[in-house]
**Q** 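Submitted below is the structure of interest, expressed as C-alpha cells.
Because only heavy atoms are used, hydrogens play no part in the values below, and waters and symmetry mates are left out as well, while side chains stay in. Lettering follows sequence order; numbering is per chain, from 1.
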Number of protein chains: 2
Amino acid sequence: MTPPPLPVTLADVARLAGVSKMTVSNVLNERPGMSPDTRRRVQAAIEESGYVVNTAARMLTGRRMNLIGVIAPRYSVPYVTELIQGASAAAEAAGMSMAVFTTSQNAVLERERGALLRTLADGVLLIMPTAGSGQMFENVVPVVTTGAEGAYSVQGDNEQGGRLAAQHLLSLGHRRIAHIRGADAPADHAGEMRARERGFLEVLHAAGIDVPAAYLPGSNSQEDGGEQAARALLSLPEPPSAIFAANDVAAFGTLRMAAALGLRVPHDLSVLGFDDVTASALTTPALTTIRQPLQSMGAAAVQMLLELGSGSVPAVAHRIFETTLIVRQSTAPPSS
Amino acid sequence: MTPPPLPVTLADVARLAGVSKMTVSNVLNERPGMSPDTRRRVQAAIEESGYVVNTAARMLTGRRMNLIGVIAPRYSVPYVTELIQGASAAAEAAGMSMAVFTTSQNAVLERERGALLRTLADGVLLIMPTAGSGQMFENVVPVVTTGAEGAYSVQGDNEQGGRLAAQHLLSLGHRRIAHIRGADAPADHAGEMRARERGFLEVLHAAGIDVPAAYLPGSNSQEDGGEQAARALLSLPEPPSAIFAANDVAAFGTLRMAAALGLRVPHDLSVLGFDDVTASALTTPALTTIRQPLQSMGAAAVQMLLELGSGSVPAVAHRIFETTLIVRQSTAPPSS
DNA sequence: CTGAAAGCGCTAACAA
DNA sequence: TTGTTAGCGCTTTCAG
C-alpha cells in the first residue's frame, strides 16, 4: 500500500520482468523493434515496482531534459510575467517543459543554478539580463535574451513606440505634453527607456513642440515613482494636459495621483502608458498605452532557442517587434 | 579568448593543477583541512580552465541541488504570482534556489518534470494542485501544498474572510448585499470559494439579512465572469447596494461593469474583493478587499519544506492564515 | 593532508 | 529481438 521506501532502479525492474536492463531502457524510451509481449511484461513490472527514472543518471549520459530554462529578475514585474507566459505557451506547444529561476543576489546560488541549466536545459532564456550573465552558458547551450544584450535577442521597437505615443497625443490636440522618464539604472533596462524617450521627443520636436526640462521628470519605474513624478508635473504653474509615462506601472501611479488631486482622467488630463500589461485594462479609466507584444516576444524567444538547439541559425539574430497604440479611456483631447 | 569548446572535467583540472581528482573535489566543496597552497593552486586551475561542475554527475551520487521546486497552474493568476514571490524570498533567505514549473496538459511532460524534481529538489511546493499530483514525490522529497490537499499545507482562513466581508458591509449599513460566487471547477479551488461563501452567508443570516438566489450569481473567476455577474445583478429590479466578489479579479470585472453602467463606486455601489493582489491597489477607486497574506503563505510553505527536509516534523501540518479587511475606496455606506 | 579504487543509474555501441 | 560491456563525471570509502 505504501510506495516503495527505497529507490527502485532500472536493474530492479529488469530483474522483476526477467529481462536485461537494456530492454527496460528500450521500453522506457519507446524505441521500436521489440516483441509486444516483452514490452507488455516490462511495462507491468514498471507499474508494479513504481519505478521512476533517475534523471541524474540519464543526464549523465549527455541527454538533455526537454527543458527551457528561464532566468528573470523577479516575478513582481508584470512585464516579466507576460514574457514568461508567452514563452511558456511556446515551450509547451513544442513539447518542452519550462523552468523559471529568479536572479538571486547570492553568487553561489547563481553559479549552482547556472551549472544546473548548463547540463539540464536545451535552451536558456535570459529576461533583462545584466551584462555577462549569459557567459557561463556560451558554447554549451543556446541562449536568447530580451533587450539588447547578447548574440540572440528579442526586443520591442521602443523608439517607434515613443513616436507612436507622441503622434497620438499630438493628434488629439495636446501641446503641453510631459514625459515621465524611466529610471537610469541598467537593471531597469535603461537603454530601452532612453529609446522610448528619443522617439517621443523626436516627433514632438519635428512638430515644433518644445518640451521644457520640468516636463521630463524621472521615475524609478515603480508605482510610487510615477505618483511622485505626476505630483511634480501637476503642481507646475503651467501643468501639462497630457502625460506619457515610460511604462504602465508609472502610468498607474500617475492615474492615482491625478485622482488624488481631484483631476478627472481623461477630461482634465490625458495619461498614456507603455507596455500594455494585463493590469492596464483593469484601471478605471482603462489605460491607453503603447503595446509591446510581450507574449509574442516570449514565444519568439523560445522558438529561436529551439532553432538554435536543432543546429540551424535563425534568420535574424535580433528580432525587433513593432509596437502598437492601444486606445482605451485615459486619453482625450485637451479640454482647456 | 573563446571559452573551451569541450567540457572540462574534474580530471582535467586535477591534471592541470598536478593533484588528484579528490583534492579538486575537496576544494570545490570547501572542505577543511588542506594546505592553503594546494587550495590556491587548484583554484587557479579551475579559473584557468573555466571548469564548471557537471550537475548530473554530482546528483548521481545522491546529492540534492539546494533547490525548491514549485509547480503552479499558470502564471497569469495574480494569486499564484504572489505566493511565488513569498516562496522565492524565503528560499533565497535560506540560501536555496527556486525553480517554478507550470502544470502542463501533457502527461509525458508532467512525468519528466516530476522525475526531475524528485531527484533534484530538496522540497516541492504544489500550488493549487489537482488531486494526486503530489503522489510521485511521496517518500522521496517533502511536499507542501496550498489549499486543503495533501499532508502538509498552507491556506488562508477563507470562512473567516467571508465573515469579515459580511461584517464590513453590514457595518456600513448595507442590507441589499450580493455575492459573486467563485467557480465550481476544482481547478478554481472550489473548496476555498465555498468556504468564503459559507462564512459570508452565515453572518448575514445571523443578522437577519436574507440573500435571494438572484443575489448569488456565479463567475468563472476571470474578469469577464465578474463583469457578466455584475451586469446581471445591476439590472435586477432591486439591485444590490453592495457586491462581495469571491476574488479580486471578479471584483475588477464588477468595477468595470459598474463604470460602464454609469454607476459611481462607492457612491452608488460598494464593491468588495478577496485576496488583495497587487493590482487591487491600482484600480480607481482602489479596491476594498479581504486580504490573504499570500506572500507570507508562500514563505511559510518553504519554511515547512525546509523543516521537513531537515528531518523534523512541523508543529502544525496545516497552517491556516487569518485574513484581514483592507479598507480602500470601493466601499461606503449606501446612499439610497 | 592527499591519493586510488569503486560505484551511483543509465544508455550507446556492439554482440549474439 | 535481446543481452553484454563500458563508461558518463563525480563523490565516497579507505589507504597511504
**Q** Is a side-chain N or O of B:S49 found less than 3.5 angstrom from the main chain of B:V13, in a donor-acceptor match?
**A**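 No, because the side chain of B:S49 does not come within donor-acceptor range (under 3.5 Å) of the backbone of B:V13.
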
**Q** For B:R63 and B:N29, which I'm curious about, is there any donor-acceptor pair between the side chains at under 3.5 Å?
**A**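 B:R63 vs B:N29: donor-acceptor pair found between side chains.
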
**Q** Does D:dT4 have OP1 or OP2 sitting under 4.0 Å from an N or O in the side chain of A:S20?
**A**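 No, outside the criterion.
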
**Q** Taking OP1 and OP2 of D:dT11, is either one under 4.0 Å from a side-chain nitrogen or oxygen of B:S25?
**A**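 Yes, such a contact exists.
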
**Q** Between atom CZ in A:R63 and atom P in C:dA12, what is the gap in whole Å?
**A**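 Going from A:R63 (CZ) to C:dA12 (P), I get 6 Å.
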
**Q** Using only heavy-atom distances, determine whether the side chains of A:T278 and A:E82 contain a donor-acceptor pair under 3.5 Å.
**A**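 A:T278 vs A:E82: donor-acceptor pair found between side chains.
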
**Q** Return whichever of A:R58 or B:K21 has its heavy-atom-nearest nucleotide of DNA chain C closer to the 5' end.
**A**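 Closer to the 5' end of DNA chain C: B:K21.
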
**Q** So, is A:T38 near the phosphate of D:dT2, with a side-chain N or O under 4.0 Å from OP1 or OP2?
**A**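 Yes, within the criterion.
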
**Q** Using modelled atom types only, decide if a donor and an acceptor are shared between the side chain of A:T55 and the backbone of B:A115 within a distance under 3.5 Å.
**A**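 A pair under 3.5 Å: yes.
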
**Q** For the pair made of CE in A:M34 and P in C:dT11, what is the distance, rounded to whole Å?
**A**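 Rounded to whole Å, this separation is 12 Å.
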
**Q** Measure the distance from CZ on A:R64 to C1' on D:dC8 and round it to the nearest whole Å.
**A**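 Going from A:R64 (CZ) to D:dC8 (C1'), I get 14 Å.
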
**Q** With a 4.0 Å cut-off on heavy atoms, is A:T23 in touch with a base, just the backbone sugar-phosphate, or nothing at all?
**A**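 Sugar-phosphate, backbone atoms only, no base.
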
**Q** Take atom CE of A:M59 and atom P of C:dA12, then tell me their distance rounded to the nearest Å.
**A**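 Answer to the nearest Å: 15 Å.
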
**Q** Under 4.0 Å between any heavy atoms, over every strand shown, what does A:R31 touch: base, sugar-phosphate, or nothing? Just pick one.
**A**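 Sugar-phosphate, backbone atoms only, no base.
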
**Q** From CE of B:M65 over to P of D:dC10, roughly how many Å is that when rounded to an integer?
**A**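 Nearest whole value for this atom pair: 12 Å.
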
**Q** Output yes when at least one side-chain N/O atom of A:N29 is less than 4.0 Å from OP1 or OP2 of C:dT11, else no.
**A**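 Indeed, a polar side-chain atom of A:N29 lies that close.
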
**Q** Which residue lies toward the 5' end of DNA chain D, B:N26 or B:A56, if each is placed at its nearest nucleotide?
**A**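 With B:N26 and B:A56 compared, the 5'-side residue is B:A56.
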
**Q** In terms of side-chain heavy atoms of A:Y51, which of D:dC10, C:dC10, D:dT1 is nearest?
**A**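 Of all the options, the side chain of A:Y51 is nearest to C:dC10.
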
**Q** Considering heavy-atom distances to DNA chain C, does B:L60 or B:G18 have its closest nucleotide positioned more toward the 5' end?
**A**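 The residue whose closest nucleotide sits nearer the 5' end is B:G18.
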
**Q** What is the separation between atom CZ on B:R15 and atom P on D:dC10, rounded to the nearest whole Å?
**A**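 It is 12 Å, rounded to the nearest whole Å.
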
**Q** To the nearest Å, how far apart are A:M22 CE and D:dG7 P?
**A**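 Distance check: A:M22 CE to D:dG7 P gives 17 Å.
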
**Q** Heavy-atom distance under 4.5 Å between the side chains of A:Y152 and A:L305, does that happen here?
**A**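 When only atoms from C-beta onward are counted, A:L305 and A:Y152 do not touch, as no gap falls below 4.5 Å.
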
**Q** Could you give the CD1-to-P distance, from B:I46 to D:dC10, as a whole number of Å?
**A**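 Interatomic distance, CD1 of B:I46 to P of D:dC10: 11 Å.
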
